[in-house]
Engineer: 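The structure follows.
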Number of protein chains: 2
Amino acid sequence: MERRSGISVWRQIADRIRMAISAGEFDDTGALPGEMALARRFQVNRHTVRSAIAALANEGVLRVEQGRGTFIVRRSRLKYPIGRRTRFTEGLAGQARALEARLKAVQRNPADAEVARALELETGAPVICLETLHYADGIPVSSARNWFDAERFPDIGDLYRELGSVTACLKRLGVADYVRISTRVSAHHAEPELLDELNLSAGAVVLKTEGVNAEMDGRRLEYSVTCFAADRIELDIDHTARQFSN
Amino acid sequence: MERRSGISVWRQIADRIRMAISAGEFDDTGALPGEMALARRFQVNRHTVRSAIAALANEGVLRVEQGRGTFIVRRSRLKYPIGRRTRFTEGLAGQARALEARLKAVQRNPADAEVARALELETGAPVICLETLHYADGIPVSSARNWFDAERFPDIGDLYRELGSVTACLKRLGVADYVRISTRVSAHHAEPELLDELNLSAGAVVLKTEGVNAEMDGRRLEYSVTCFAADRIELDIDHTARQFSN
DNA sequence: ACATATTTGTTCGTATGTATC
DNA sequence: CGATACATACGAACAAATATG
């Protein structure tokens with residue numbers, strides 16, 4: 001283990017155990033090897049392994065039972081589909097018992113350069129920004145911001161509060177159908193604010209997607225930036241040119 | 001700053017500075033605020049800021065000049081396009097002066113469950129695995145493994161050594177055209193082995209893609225798992241159903 | 001050329017957290 | 001549980017390089 005790296009050894013071990021779990025390494029029994037075995041495997045002291053396990057137990061990844069052993073708490077990564085016709089709400093349906101969206105804030109601002117480019121508006125044109133948090137079975141999985149042309153959708157904030165879904169809002173506002181034009185994906189360390197919102201531990205990884213949705217004639221509808229808790233979700237991109245189904 | 005989190009404060013600061021840079025915060029002058037100003041902003045000691053800056057300078061993100069200040073070394077994220085007709089080599093062409101692929105190893109193994117499912121083979125069927133590292137302008141950007149049906153492409157390892165590109169290999173082997181069926185994207189902390197291969201610092205983030213390519217009739221050709229250095233690349237997903245161009 | 005302010009570089013000391021034994 | 005070594009973080013002071021007027 002590297003010292004002087006700014007990451008304590010117990011956290012490096014915790015990350016490696018987490019990856020081993022998500023690689024399916026202990027799937028047969030659901031039990032982790034003993035502390036001594038793990039200490040040998042990672043070439044560290046048993047206490048260090050214990051710190052790592054304590055952190056993972058605290059996150060809800062592991063469950064420790066005195067005298068019996070340490071066990072994996074089953075919670076696989078949700079698969080979030082992305083494709084030409086992806087709808088946020090539908091995407092996760094069936095993978096979790098309860099899906100919940102919480103509207104954090106609605107803002108009306110002049111568009112900065114990035115938002116303007118994505119929506120094909122002038123920089124400074126008024127846009128509405130919805131800030132939302134999404135939960136699956138009570139666990140936060142993503143934090144999103146959605147921008148809309150304020151000229152065209154001035155009251156989408158109120159509507160969202162009522163309907164709780166972007167697709168529903170757009171439908172109500174006369175947008176029968178739309179498609180996703182592009183998606184940009186990147187990965188980062190979580191900012192302190194996100195750590196709090198998504199209930200992550202320091203140094204956690206977020207998957208960030210920036211997407212543009214447009215009507216069938218190409219008119220831009222929505223620009224969104226979503227940060228996912230990387231250890232709770234993965235993106236499933238479908239490249240097949242599927243037939244429409246409205 | 002969270003203490004006792006297993007991530008040292010200087011590294012948390014380094015990550016936040018990195019994100020501020022990639023958010024374009026200091027784009028006007030290219031100069032960072034002074035150490036004292038940063039210390040105030042992040043509520044830490046100047047030494048802690050200095051450690052963060054030293055780490056970023058060591059990574060090549062910043063350049064420090066005594067008496068003058070600290071400056072951003074311009075190096076934007078490469079955009080790696082992913083779409084139905086993505087080709088690895090073409091994807092980055094034009095964004096870097098020199099692209100290089102190094103073949104680390106070629107293995108012939110029985111397929112594990114995951115590889116078999118992706119390639120639509122029986123578990124245990126012989127497959128060839130190419131392990132490669134990719135560099136842009138001498139900087140490592142990704143580490144990949146590509147699996148092929150060993151029955152169909154027994155000598156693809158030697159061929160790759162000669163041609164240096166999967167597309168070229170497949171073309172030589174009589175595969176005129178192929179498309180990407182699906183891509184799965186996830187983000188993780190880098191494993192120690194990857195830290196070494198991609199020359200990353202501890203705690204670094206990797207973007208992982210798992211993709212399946214198939215012939216036009218749906219026959220599976222290739223399964224690949226690629227790990228990108230997240231701070232050097234982003235994925236650009238195109239959902240438009242583009243016309244073919246061979 | 002000069003004095004002064006600003007910015008980075010260095011060296012003390014001290015306290016706390018981390019990892020091993 | 002302590003004993004020990006090392007890394008991390010803070011604070012203060014001073015040195016060296018650069019910028020400004």
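Both backbone and side-chain heavy atoms feed into the values below; hydrogens, waters and symmetry mates do not. Here is how names work: the chains are called A, B, and so on, in the same order as the sequence lines, proteins then strands, and each is numbered from 1.
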Engineer: Please list, chain by chain and in numerical order, all residues satisfying side chain to side chain contact (heavy atoms under 4.5 Å, CB included) with B:A37, sequence neighbours excluded.
Structural biologist: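 Expected list: B:P33, B:R40.
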Engineer: The criterion is side chain to side chain contact (heavy atoms under 4.5 Å, CB included); which residues satisfy it with A:A136, sequence neighbours excluded?
Structural biologist: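 Per chain and number, A:A136 pairs via side chain to side chain contact (heavy atoms under 4.5 Å, CB included) with A:L78, A:A96, A:L99, A:V141.
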Engineer: Going from CG on A:D149 to CG on A:L121, what distance comes out if it is rounded to the nearest 0.5 angstrom?
Structural biologist: 4.5 Å
Engineer: Tell me whether B:R184 is salt-bridged to B:E114, with the criterion being a basic N under 4.0 Å from an acidic carboxylate O.
Structural biologist: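 A salt bridge is present here (some side-chain N lies under 4.0 Å from a carboxylate O).
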Engineer: Among residues at least two apart in sequence or on other chains, which ones pass ring-ring contact (aromatic ring centres under 6.0 Å, His included) with A:H188?
Structural biologist: none
Engineer: Suppose we screen for side chain to side chain donor-acceptor pair (under 3.5 Å). Which residues come up paired with B:R11, at least two apart in sequence or across chains?
Structural biologist: none
Engineer: On DNA chain D, reading 5' to 3', which nucleotide is the first and which the last to sit with an atom under 4.0 Å from a heavy atom of chain B, could you check?
Structural biologist: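 Taking any atom under 4.0 Å from a heavy atom of chain B, the span is D:dT8 to D:dA19.
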Engineer: Has the side chain of A:E35 got a donor or acceptor atom that lies under 3.5 Å from a matching backbone atom of A:R50?
Structural biologist: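 A pair under 3.5 Å: no.
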Engineer: Taking ring-ring contact (aromatic ring centres under 6.0 Å, His included) as the definition, give me every residue that meets it alongside A:W147, ordered by chain and number, with sequence neighbours left out.
Structural biologist: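 Result, ring-ring contact (aromatic ring centres under 6.0 Å, His included) vs A:W147: A:Y223.
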Engineer: Identify, residue by residue, the members of residues 16-42 of chain B with a heavy atom below 4.0 Å from DNA chain D, and return them in order of residue number, or none.
Structural biologist: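 Per residue number, the list is empty: none.
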Engineer: Using the side chain to side chain contact (heavy atoms under 4.5 Å, CB included) criterion, which residues pair with B:A14? Sequence neighbours excluded.
Structural biologist: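 For B:A14 the side chain to side chain contact (heavy atoms under 4.5 Å, CB included) partners, ignoring immediate neighbours, are B:A52, B:L56.
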Engineer: Whole-Å distance between C:dC21 C1' and A:R50 CZ?
Structural biologist: 16 Å
Engineer: Could you list by number each residue of residues 188-196 of chain A showing a heavy-atom separation from DNA chain C of less than 4.0 Å, or answer none if no residue does?
Structural biologist: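 By residue number: none to list.
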Engineer: Applying salt bridge (Lys or Arg N to Asp or Glu O under 4.0 Å) as the test, list every pair that has at least one member in residues 125-138 of chain B; sequence neighbours left out.
Structural biologist: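 Of all non-adjacent pairs touching residues 125-138 of chain B, those that pass salt bridge (Lys or Arg N to Asp or Glu O under 4.0 Å) are B:K104-B:E131.
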Engineer: Using Watson-Crick or G-U wobble geometry with both distances under 3.5 Å, which nucleotide pairs with C:dA1?
Structural biologist: none
Engineer: Among all residues two or more places apart in sequence or in another chain, which pass the side chain to side chain contact (heavy atoms under 4.5 Å, CB included) test with B:N109?
Structural biologist: B:Q107
Engineer: Determine the minimum heavy-atom distance between B:H134 and B:A144, stating which atoms define it.
Structural biologist: NE2-CB, 4.3 Å
Engineer: Could you list all N or O pairs between the protein and nucleotides 17-19 of chain C that sit under 3.5 Å apart?
Structural biologist:
unit_1, atom_1, unit_2, atom_2, d
C:dA19, OP1, A:V9, N, 2.3
C:dA19, OP1, A:W10, N, 3.4

Engineer: Please give me the minimum heavy-atom distance between B:T123 and B:A111, naming the atom from each residue.
Structural biologist: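 Distance-wise, the nearest heavy atoms are CG2-O, 3.6 Å.
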